[in-house]
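Heads up: the structure comes next, in structure tokens.
Note that these values count all heavy atoms, side chains included, but never hydrogens, waters or copies made by symmetry. Ligands are counted one by one from 1 in listed order, and the atoms in each one are counted from 1 as well.
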Amino acid sequence: MSLLTVSNLTKRYRRGGKVVTAVDDVSFHIEPGETLALAGPSGSGKSTIAGLVLRLIEPDAGRIEFEGDDFLALRGAKLRARRARLQMVFQDPLAAFNPRATVARVLDDPLRIHGIASRAERPRRIAALLERVGLAADLAPRAIHEISGGQRQRVAIARAIATGPSLIVLDEAVSALDVSVRGQILDLLLDLQSQERIAYLFISHDLGVVRALARRVILLDAGRIAESGDARAVIDAPQSAIGRALVAAAPRLKRTTQDAS
Ligand SMILES: Nc1ncnc2c1ncn2[C@@H]1O[C@H](COP(=O)(O)OP(=O)(O)OP(=O)(O)O)[C@@H](O)[C@H]1O
Ligand SMILES: [Mg+2]
């Protein structure tokens with residue numbers, strides 16, 4: 001059984017009498033512990049798919065099965081329990097968290113809300129989470145706005161893993177980071193995945209990152225799947241027009257291809 005199965009997902013936005021089909025009959029699945037990447041040009045529907053999978057956005061049509069449940073039909077306690085297993089990391093943790101909140105507070109929330117640890121246990125759990133993502137425990141009392149972008153993204157990852165998820169949706173989670181920090185965060189994600197068998201739905205416009213991290217990739221074009229398959233095969237020899245355009249626009253990839261030929 002797949003961890004996540006998305007079937008015929010469609011989302012339309014109505015804007016001033018005009019209808020935009022942001023996601024158009026999209027189907028895919030994610031297996032336990034694997035990384036599926038979503039790539040495509042700006043406006044192709046990547047973040048809308050992330051929002052639909054996380055149930056932050058209601059679809060017009062389609063079905064989402066998560067851990068064997070009809071996820072869109074879940075309510076109440078069952079929904080809360082499933083939400084703990086499906087976490088997210090976005091591009092900008094300053095926008096996702098209250099910037100004045102402390103690191104400890106950001107990590108305390110999921111532990112408390114999901115009843116994972118008692119009040120007495122939580123400081124120890126927070127220290128362990130910080131250690132798990134490569135941060136010093138003395139970062140706990142610092143405010144989110146006082147720490148670096150890379151540290152903030154590690155806190156966002158710590159928060160995501162706090163509830164023991166089986167799937168994390170990462171929407172441009174490393175895009176705002178400079179190259180060396182980006183590499184460290186990608187290494188952390190790979191390490192967490194191999195240790196804890198977490199699956200990722202990894203959204204990125206950077207095909208180099210997609211190629212390094214994902215086993216399979218879906219290329220989106222105007223809300224539809226233009227091409228999908230093994231990430232290396234697709235990126236090294238794209239078959240769709242949008243795939244060729246994306247590869248041509250990726251300077252680092254072009255250099256690699258030239259080196260190889
Ligand atoms: N809340 C909204 N209201 C109206 N239209 C929207 C809304 N959110 C997204 N859209 C439209 O839906 C389409 C898909 O947007 P989406 O944000 O999913 O794209 P994306 O692939 O994540 O783009 P980017 O790479 O720029 O983040 C776009 O045409 C966008 O303008
Ligand atoms: Mg987006």
Do the side chains of [X] and [Y] get close enough for a salt bridge, i.e. N-O under 4.0 angstrom?
X: R216; Y: D230; result: no
X: E121; Y: R119; result: no
X: R197; Y: E34; result: no
X: D109; Y: R122; result: no

Selected option - heavy-atom contact closest to atom 23 (O) of ligand 1, from A50, S44, G43: G43
Under 2.8 Å from the Mg ion (ligand 2), the protein N, O or S atoms, given as residue and atom: S47 OG
Crowding at CD, E131 (>12 non-hydrogen neighbours, <6.0 Å): no
Residues, nucleotides or ligands: over 12 heavy atoms within 6.0 Å of R14 CZ: yes
For I225, the option from D24, V26, L219, D25 that meets side-chain contact (heavy atoms from CB on, under 4.5 Å): V26
Heteroatom distance test (G40, ligand 1): nitrogen or oxygen, under 3.5 angstrom: no
N or O pair under 3.5 Å between E172 and ligand 1: no
Looking only at protein heavy atoms, identify the closest one to [atom] and say how far it is in Å.
atom: atom 17 (O) of ligand 1; value: S47 CB, 3.8 Å
atom: atom 31 (O) of ligand 1; value: R15 NH2, 3.7 Å
atom: atom 9 (C) of ligand 1; value: Y13 CE1, 3.4 Å
atom: atom 25 (O) of ligand 1; value: K46 NZ, 2.7 Å
atom: atom 24 (P) of ligand 1; value: S42 OG, 3.7 Å
atom: atom 16 (P) of ligand 1; value: T48 OG1, 3.6 Å

Contact check, G51 vs ligand 1, heavy-atom distance below 4.0 Å: no
Check whether any side-chain heavy atom of [X] lies under 4.5 Å from a side-chain heavy atom of [Y], and answer yes or no.
X: I161; Y: V133; answer: yes
X: R154; Y: R152; answer: no
X: D236; Y: R211; answer: yes

Chi angles and distances behind the salt bridge (charged side-chain N to carboxylate O under 4.0 Å, His left out) call for K46, D171: CA-CA 8 Å; K46 304 182 296 295; D171 190 353; over 6 Å; no
Numbered atoms of ligand 1 (with element) below 4.0 Å of A22, judged on heavy atoms: 12 (O), 13 (C), 14 (C)
For P41, atoms of ligand 1 separated by under 4.0 Å from a heavy atom: 21 (O)
Partner residues of E67 under the salt bridge (charged side-chain N to carboxylate O under 4.0 Å, His left out) criterion, sequence neighbours left out: R82, R85
For ligand 1, the portion of V20 having any non-hydrogen atom under 4.0 Å away: side chain
